[in-house]
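Here the structure is laid out as structure tokens; the discussion comes afterwards.
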Amino acid sequence: MTQPIEVSQVNWTKLEEKLRDDYPRSVSLIRGKMKKVLGFTPREYKSYSPDTGYYRTCVMLDFFSEKKRTFFIMKYGDYLNER
């Protein structure tokens, strides 16, 4: 398994809308089909920051193919977090 991609909640909402425009609705609704077509499954992730004392929520995209991960970054790189 390759390294996951972290996406903020706001960017995930925008990305989901774009994916629904590009692919049939069933791709975004069925996890198995999303894994087969797009190469990833989304996962909500919460982490606690002891510095601020708050929880940070984001969406992690777990990829199963390095080729599909690279293609995803090239196609939807505008929707990913700025580093």
Side-chain angles (χ1 to χ4, degrees):
M1 196 156 97
T2 62
Q3 184 177 6
I5 295 176
E6 181 180 332
V7 182
S8 68
Q9 290 287 347
V10 174
N11 287 349
W12 172 244
T13 304
K14 293 175 187 176
L15 180 60
E16 257 186 328
E17 291 174 9
K18 180 64 176 159
L19 290 174
R20 287 187 181 145
D21 290 343
D22 293 349
Y23 296 96
R25 192 162 174 92
S26 62
V27 171
S28 62
L29 294 175
I30 302 170
R31 290 179 66 85
K33 195 164 185 178
M34 183 179 270
K35 180 180 175 182
K36 182 179 177 184
V37 173
L38 300 174
F40 72 89
T41 55
R43 160 176 60 97
E44 189 172 311
Y45 180 74
K46 292 183 181 181
S47 64
Y48 178 75
S49 175
D51 299 335
T52 61
Y54 293 104
Y55 282 95
R56 185 177 60 96
T57 305
C58 63
V59 175
M60 300 295 266
L61 306 179
D62 295 324
F63 283 86
F64 300 92
S65 166
E66 189 62 39
K67 289 179 184 178
K68 289 192 177 187
R69 182 179 188 271
T70 302
F71 179 74
F72 178 84
I73 291 171
M74 289 179 0
K75 188 171 182 179
Y76 300 107
D78 296 341
Y79 299 95
L80 304 178
N81 295 342
E82 298 289 323
R83 297 236 177 212

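Residue numbers run from 1 in the order of the sequence given. These numbers come from a predicted model, not from an experiment. Hydrogens, waters and symmetry mates are skipped; everything else that's a heavy atom, side chains included, is used.
Taking NZ of Lys35 as the reference point, atom OG1 of Thr41 lies at 7.0 Å (rounded to 0.5 Å). Here Ile5 contributes atom CD1 and Tyr76 contributes atom OH; the two are 12.5 Å apart, rounded to the nearest 0.5 Å. Summarising the geometry, atom OG belonging to Ser28 is positioned 11.0 Å from atom CG belonging to Asp22; distances are rounded to the nearest 0.5 Å. The OG atom of Ser8 lies 7.5 Å from the NZ atom of Lys14; values are rounded to the nearest 0.5 Å. We find the OG-CZ distance between Ser26 and Arg20 to be 11.5 Å, quoted to the nearest 0.5 Å. Atom NZ of Lys46 and atom CE of Met60 lie 15.0 Å apart (nearest 0.5 Å).
Hydrophobic clustering (side-chain heavy atoms under 4.5 Å, transitive across Ile, Leu, Val, Met, Phe, Trp, Tyr) keeps Leu61 apart from Val10. Under the 4.5 Å side-chain heavy-atom criterion for grouping Ile, Leu, Val, Met, Phe, Trp and Tyr, Met34 is connected to Ile73 within one hydrophobic cluster.
Environment of OH in Tyr23: crowded, with over 12 heavy atoms of neighbouring residues, nucleotides or ligands closer than 6.0 Å. Counted within 6.0 Å of NZ on Lys36, heavy atoms from surrounding residues, nucleotides or ligands total 12 or fewer; the atom is thus considered open. By the neighbour-count criterion of 12 heavy atoms within 6.0 Å, atom NZ of Lys68 is densely surrounded, having more than that number from other residues, nucleotides or ligands.
When every heavy atom of Arg31 is checked against every heavy atom of Pro42, the shortest pair comes out as NH1-O, 3.1 Å. The two residues Thr2 and Ser65 come nearest to each other via the heavy atoms CG2-C, 4.1 Å.
A heavy-atom distance below 4.5 Å is found between the side chains of Pro4 and Arg43.
Between the Arg69 side chain and the Asp62 main chain, no donor and acceptor come within less than 3.5 Å of each other.
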Report task. Check the pair Val27, Leu38 against side-chain contact (heavy atoms from CB on, under 4.5 Å), reporting the backbone distance first and the verdict last. Result -> CA-CA 8 Å; Val27 171; Leu38 300 174; 3.9 Å; yes
Report task. Quick one: do Leu80 and Val7 satisfy side-chain contact (heavy atoms from CB on, under 4.5 Å)? Show the steps, please. Result -> CA-CA 6 Å; Leu80 304 178; Val7 182; 3.8 Å; yes
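In summary, of the residues considered (Phe63, Phe64, Tyr79), a ring pair (Phe, Tyr, Trp, His ring centres under 6.0 Å) with Phe72 occurs for Phe63 alone.
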